[in-house]
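Shown next, in structure tokens, is the structure this report addresses.
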Amino acid sequence: MNLLGEPFGYEFFRQGLFASVLVGAVCGLIGVYVVLRRMSYIGHGLSHSVFGGAVVAYVASIDFYLGAGLWGFLSALLINAVARRRKVGADAAIGIVTTASFAVGVALISRTRSFTRNFEAALFGNILGVTVVDLIAVAIVAGAVTAFIILYYKRLLFITFDPEVAPIYGVRRGWVDTLFALALAAVIVASINVVGVTLIAATLVIPASTARLLTDSFARMLAVSTFLGAGAGLLGMYLSYWLGISSGATIVLLEAGFFILAAAWTAILPRRRRRTAIPASGRLVEDRPLDAGVLEPH
Amino acid sequence: MTSTVAFPAGHAASEGDGEAGLVRLEGVTCGYGGPAVLTGIDLTIASGAIVGVVGPSGAGKTTLLRAMVGAVPKLSGSVKVAGRRVSFGSTPKVGWVPQLETVDWDFPATVAEVVLMGRWSRSPWRPWMTVDDRRAVEAILERLAIGGLGGRQIRELSGGQQQRVFLARAMIGQPLLLLLDEPTSGVDIKTRDDILHLLADLNDDGMTIVLTTHEINSVAAHLPWVICVNGRIIAEGDPDDIFTAEILNETYAADLRVVRQGGAVLVADAAPHRLRAALRHTHDGYEHAHHEHGSSGR
């Protein structure tokens, strides 16, 4: 028993555990919107963009969170602006903005060559280096993003489901998109020390995709994705201590394991409900006869 | 078994609540940044009317609907609904039903979640469904004959039921005006018939309805008032009066013939034998090639 509780005796472990659970949960939460808005690539791109901002902040002696956060936020806004041009798709916009931003970071590093260790920590995460300040930053971001998602739940749901129609019903799409970009940039900045630039996209996308396999309800998908992200953060951190593997990689591998289990579960077990195959037109093609409850009352 | 939809007479656009009308467009020219899609639109739709908008693809049918909710950049003119000047996002008394083809059926949303989007502004900061919300959803689903399906994922419904879900979302906010973009597009004959009967019932209850359609014979010809659009309003009135070869040829820039028999109007291609001959020719060529290929393969 004492052996199992051994890591909890170390302050660095407790801090790292707390940070990884919070990061896992908040990435799982906001990841639902990222996945459903088909923006999975933006998580990958923005994390690279934030890296560029982090390097600029370092060189300019600006606070990491301020510099990287602002850089990420502006990148997200720039992506939105470029993507709205009809001739450039969102995927190309992400590619242009974020790789250019990442290149700024690489260029500055190659010029100064003075912070290789920080560079590696940003790329691959350094959970053992999580300080109290980092922990507070993660907690503030997690709290603020959760509050945003709760308060803007209806607007975010409407915009995510039906972005063209939501404004007709009075949802201010530009404002909500801007707040969402700010929230996403903040989550990515807060997650860098825990999972690293290269793995952040996975923590955003995998729990949400797993949750999607397990439920057809938006509200439940949010809850399941958050729970899976937090669970992977907790278990991943603990396992990484005993296995001697990078905590970021362990968390992501666990999340991938959850996804495989969920995929197998939904593939093997018969669905509770009648499943249908519907072509793009939305017309119904039954895979078995309709039951009485689905027949239209006439 | 399908039947002819009998829309109530006397809901013509020029009748109803006097000169003001529920919807009033005066000298509206609008577009999306390039050339104007619609030019010089003067239109009045009376309260309680049911109006169809017809025209070829790209003629501006959907744009005309979008202009009524301020969702298209206006170059000149004014749009008023219920006496209030319309601006984007400030017309909550309008219900919008999108084309079914544009809906993401894989989205993890239940029927109740989709319907509730229509009244998000009643309690914008509260994420959960209140007892009042639940009652409102159940009432509107019952009214549209899909009661008991609130917990179903939207993909699990038939085409007619799916259309009713979006009608329910549009109506739960108790709108003055219902706008439907191609409500019968991509559905079978039975479903189309159901939808038109439902719209007739709603109109009978006093709901003002404007819909776009490509289906001249099966939808537009049954409506009491139709607007022919192609960049401008070519004609408006009772289809019995305005479905003439001259007006339709100008609207569609095609050679069309109008057949009137037993009070019914049938619009047909003026030279169907030419199309038939062209298709037969293609078919003969295919058969010949197929036969050749089959022979050489043996």
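Computed from heavy atoms alone, side chains included, the values below leave out hydrogens, waters and symmetry copies. Chain letters run A, B, ... following the sequence lines, proteins first and then strands; every chain starts at 1.
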Completion exercise
One should read off an interatomic distance between B:Ile209 CD1 and B:Ile50 CD1, to the nearest 0.5 angstrom, of 4.0 Å
Practice task
Please flag which part of A:Ala211 lies under 4.5 Å from any non-hydrogen atom of chain B: side chain, backbone, both or neither.
Solution key: neither
Practice task
Count the heavy atoms of every other residue, nucleotide or ligand shown that sit under 6.0 Å from CZ of A:Phe148, and state whether that count exceeds 12.
Solution key: yes
Practice task
Against chain A, label B:Ser123 side chain, backbone, both or neither, depending on which of its atoms sit under 4.5 Å from a heavy atom there.
Solution key: both
Problem - Interchain contact, A:Arg38 with chain B, by part (heavy-atom threshold 4.5 Å) - result: side chain
Exercise for the section: Using non-hydrogen atoms and a 4.5 Å limit, figure out which bit of B:Ala112 sits close to chain A: side chain, backbone, both or neither. Expected result: neither
Handout entry: Contact class of B:Arg169 relative to chain A, heavy atoms under 4.5 angstrom
Key = both
Exercise for the section: Report yes or no: does B:Trp120 contribute a side-chain atom to a donor-acceptor pair with the main-chain N or O of A:Tyr169 at less than 3.5 Å? Expected result: yes
Problem - Neighbour count >12 (heavy atoms, 6.0 Å) for atom CZ, A:Arg172 - result: no
Practice task
Would you tell me whether B:Thr191 and B:Asp188 have side-chain atoms, one donor and one acceptor, within less than 3.5 Å of each other?
Solution key: yes
